[in-house]
Amino acid sequence: EPVRSAVIDSCIRVIDNGRESINKKVFFIFTVYSILDGNNQIKLGACSSEEAAAWIRCLKDVALEEPPPCQAKNFVGSPTMTWPSLRSESTWTKLRKNSVKWPFRSSVHAEATTSDVIAPSHWKIFGCQNGLRLFKEAKDWDSLGGVGFYSDTIHDCCARIFSSVYSAEETSCSKLWDDDPAIMAVGVVDGTSEAIFLALMSLGPSRSEWDYCVYHGSLVECLDGHTDIINKKLYSDWLPWGMKRRDLLLQRYWRREDDGTYVILYHSVVHKKCPPQSGYVRAHLKSGGYVVTPVNQGQQSTVKHMLAIDWKLWKLYPRLSAARSLTILMLMRVAALRELFKAKQRNSSSICLSREWLRHIHLPQTEKPDDKTDTESDKSIEDNNLINNEVEQPASLHVSLSGLNQELDEFFDVPEESEFSDCDHLESERPGEPSSELPPLNLHHPKLTSAASFVRKLHDLASECNHASLLRSIVDLIHAAAQKKGYMNLQEVATEDTKLYCYGNSLRKDPTATLPSSWSPGNPSLFLIRGQNYLQDKQKIKANGALMQMVGADWLISEKREDNLGSRLGGIVQNHAAQGGPEFFFIVNFQIPGTPRYTLAMYYMMKSPLEDHPSLYKFVNGDDAYRNSRFKLIPHVSEGSWIAKQSVGKRGSLLGQTLEVHYFRGKNYMEVDIDVASSTVARSVCNLVIGYFSSMVVELAFVIQGNTREELPETLLGTSRLNRVDLSKALVALT
């Protein structure tokens, strides 16, 4: 019988916390919590990522449903039990007999879904080896007419590495390649995406069955359930003669998409716990990773492996030729992985393979609290408090989720049917907080110093007294001192180009879409939205326009979260309100985590009456539950590194179902404030992408999702194009 239960309604959210090790067993953790009370939550663990994903999908679907009157939905600790008559049944057998099964198979073997963005491929094929297609990132290839593509066999790769002659032919071919080119290998592996994911994540002995490049891998630090720091040492026998051994210190991030696709991303970092070692040269991975997508009902998977590495080669070597040849040799590991699965599946299933590789995944343990070592791998992942209550919330009228998390048995096994009367509890210690020594990660920042506070006060004073020249002079003095010191931190000088502004114009507009740190209206035709008959044919159509026009943007830095920008006096919203015009504004405010915090806000405006647009009118005047089930973002990185594009993706998502969203309704505006820090996955993606932000061009589209016939076809609410936004250009938020 269910030992505990709680009500699932529209106030319930589910967060994917990633992996965690409990008593030397790896669990995939997710947290169910109430937005009414952040302390009202339960933390659960599944034995596989697919099982955790099925639970997450089902809980989200149930939370979105509108229950019949007087029918409660009770959440209980078993995947075979559901809502009807849970409290009335007295035996496990009756409960299983009368309950409705959870639709676990709905997302486990789903085919890869299409993108919500129409964009040309940035990759061009240049060869095929060992059954793998090889691609190079396309830049100026089209202008070269597509001729002279350079292709190597494995023998040619080795020959060119050892060759000391840079022939004229090689020189002409190298003109088609940049330094440290981004190369991708694509192949099909006979295995489930989950089994392949576990094989790729493993750093244990099982990796040696397919990875001929890495002979030793170790975990340096776990940052959260989706992000860690790892060190990989490479074999030397496949490197050129006389070349020192190489190793890599990488930040690794992973996530699972709704269609069963796994994304693993890497890039090089610096960490004081793992400095460069004697006898090794540390190569620099600019961007790399894997994308594993299920095909053929999940029985096979397409594996994409991409690398862009600076090998730190000698100048005596034909640098470009050797670099790409070494990279291609590493990419050939996909073929080795394919052959491993082909051989092993003759004797065992993918499930057995998953369990085998799961044992070799290195994660910090929550037991052995008295052990003290110098390596971060013996530390555990902190149980993140996912909801920070700045305002005391009223007591929830629902059954508390926190009652399921009793102190004595924070984690406990959900038994099989035959074991239901004999449950063994897993005890876990509270993990300690991991420390990060990586400034580029933006995980833990010190607070703003007195110098930054001084700049803020002077900025405010100048705003009141109109002494802009005084503020500019003092800021220049601080910059001069920073340059004399040799470096400049955002924490010490909050902004590089502090200037007076009003809310809505702190980020400049550039109609040409070429200037850095600028915005322009996006191209609606890039995005796909639901058509009139979507409920029947599931077909999406190209958008042909947007309902509202983008009129401004803010890029701000502050010590706290900036809410309700539309209410700020002196801003474009309040200025129009004072004039009594017909304009209605829609503001989307992304609150980026960290200390200091960044705020990215986009302002959209229309002059027609709100009543003329039923979907928008219903959204603006609806409750938060309705808004959370409709507000959708479609992102697209049109220019940027591969790792940035993979991190952001091209799929639309309902922000209110994954992030904490606050809505503010004013006289002439509606504002949506999105707290990116409220999700572990979103926070990890933000920490990964923020370092590439100044080299990215991002296209965004906002949609009020149509779920009924009356709400179709959809119309884009607004679009924007953000061009290479520089962190140092953020302006101090006015008080």
Side-chain angles (χ1 to χ4, degrees), residues 12-22 26-35 38-46 48-49 51-53 55-57 59-60 63 197 201 219 221-229 251-258 262-265 361 363-364 366 376 379-389 401 405 410-411 428 430-436 438 441-445 561 590-595 597 633 635 646-649 651 653-661 674-690:
I12 294 299
R13 298 290 180 271
V14 188
I15 292 181
D16 180 3
N17 299 114
R19 303 179 302 159
E20 186 173 326
S21 182
I22 308 295
V26 176
F27 290 93
F28 292 83
I29 308 299
F30 57 98
T31 301
V32 186
Y33 72 96
S34 171
I35 60 175
N39 296 320
N40 186 14
Q41 60 180 252
I42 175 175
K43 187 177 179 183
L44 302 169
S48 72
S49 58
E51 184 180 356
W55 275 99
I56 292 172
R57 167 65 68 86
L59 288 168
K60 287 183 176 180
F197 161 73
M201 294 290 286
L219 179 67
E221 181 178 4
C222 272
L223 304 176
D224 57 47
H226 289 271
T227 313
D228 53 22
I229 308 296
Q251 177 184 348
R252 178 176 64 176
Y253 162 79
W254 73 273
R255 74 172 183 270
R256 182 192 183 278
E257 303 285 3
D258 289 340
Y262 287 89
V263 179
I264 307 174
L265 304 177
I361 292 179
L363 284 178
T366 57
E376 193 66 27
K379 295 185 180 180
S380 57
I381 305 173
E382 180 186 12
D383 180 11
N384 295 318
N385 184 11
L386 300 173
I387 300 297
N388 299 320
N389 290 321
L401 286 170
N405 265 343
E410 181 185 1
F411 270 86
S428 64
R430 278 291 181 186
E433 180 179 0
S435 61
S436 172
L438 301 174
L441 299 180
N442 291 319
L443 295 171
H444 305 288
H445 300 285
R561 194 173 69 189
F590 289 97
Q591 300 164 332
I592 301 173
T595 304
R597 281 179 170 269
L633 164 68
Q646 293 299 323
S647 299
V648 174
R651 293 278 311 282
S653 62
L654 295 172
L655 296 181
Q657 298 305 311
T658 55
L659 298 170
E660 183 179 347
V661 180
I674 303 150
D675 186 4
V676 180
S678 60
S679 166
T680 304
V681 175
R683 188 166 58 245
S684 297
V685 171
C686 183
N687 288 329
L688 190 64
V689 171
I690 197 72

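Side chains included, hydrogens not; waters and symmetry mates left out as well; all remaining heavy atoms used.
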*Asks:* What pair of heavy atoms forms the shortest contact from Ile592 to Cys686, and how long is it?
*Replies:*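 Scanning both residues, the minimum pair turns out to be CG2-SG, 3.3 Å.
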
*Asks:* Determine the minimum heavy-atom distance between Ile15 and Ser679, stating which atoms define it.
*Replies:* CD1-CA, 4.5 Å

*Asks:* With heavy-atom distances below 4.5 Å as the criterion, would you say the side chains of Met201 and Tyr262 are in contact?
*Replies:*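 Met201 does not reach Tyr262 side chain to side chain.
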
*Asks:* Heavy atoms, side chains only, cut-off 4.5 Å: are Tyr33 and Arg13 in contact?
*Replies:* yes

*Asks:* Look at the rings of Tyr253 and His226 and say which category their plane angle falls in: under 30° parallel, 30 to 60° tilted, over 60° perpendicular.
*Replies:*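 If you compare the ring of Tyr253 with that of His226, the planes turn out tilted.
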
*Asks:* Nearest 0.5 angstrom please: Ser49 OG to Arg255 CZ, how far?
*Replies:*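 Here the rounded value is 14.5 Å.
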
*Asks:* Any side-chain heavy-atom pair from Leu265 and Leu688 closer than 4.5 angstrom?
*Replies:* yes

*Asks:* What's the spacing between Gln41 CD and Ile12 CD1 if we round to 0.5 Å?
*Replies:*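 Answer rounded to 0.5 Å: 10.5 Å.
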
*Asks:* State the CD-CZ distance between Glu51 and Phe30, to the nearest 0.5 angstrom.
*Replies:*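 Interatomic distance, Glu51 CD to Phe30 CZ, rounded to 0.5 Å: 8.0 Å.
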
*Asks:* Measuring from atom OG of Ser21 to atom CD1 of Ile29, what distance do you get when rounded to the nearest 0.5 angstrom?
*Replies:*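 Ser21 atom OG to Ile29 atom CD1 measures 9.5 Å (nearest 0.5 Å).
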
*Asks:* Return the OG1 to CD1 distance between Thr658 and Ile56, rounded to the nearest 0.5 Å.
*Replies:*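 If I round to the nearest 0.5 Å, the distance is 11.5 Å.
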
*Asks:* Of the non-hydrogen atoms in Pro593 and Arg683, which two are nearest, and what is the gap between them?
*Replies:* CG-CG, 4.1 Å

*Asks:* Judged by modelled atom types alone, do Asn687 and Thr227 share a side-chain donor-acceptor pair under 3.5 Å?
*Replies:* no

*Asks:* Quick one: closest heavy-atom pair of Glu257 and Val263, and the distance?
*Replies:*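 Scanning both residues, the minimum pair turns out to be OE2-CG2, 4.3 Å.
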
*Asks:* Given Asp228 and Arg19, is the salt bridge (Lys or Arg N to Asp or Glu O under 4.0 Å) satisfied, shown in steps?
*Replies:* CA-CA 11 Å; Asp228 53 22; Arg19 303 179 302 159; 3.6 Å; yes

*Asks:* Of Asp16, Thr680, Asn17, which is the lone residue that meets side chain to side chain donor-acceptor pair (under 3.5 Å) with Thr31?
*Replies:* Asn17

*Asks:* Minimum heavy-atom separation for Asp675 and Leu659, please, with both atom names.
*Replies:*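 Nearest heavy atoms, Asp675 then Leu659: O-CD2, 4.0 Å.
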
*Asks:* Check Arg597 against Arg561 and note the closest heavy-atom contact, atom names and distance.
*Replies:* CD-N, 3.5 Å

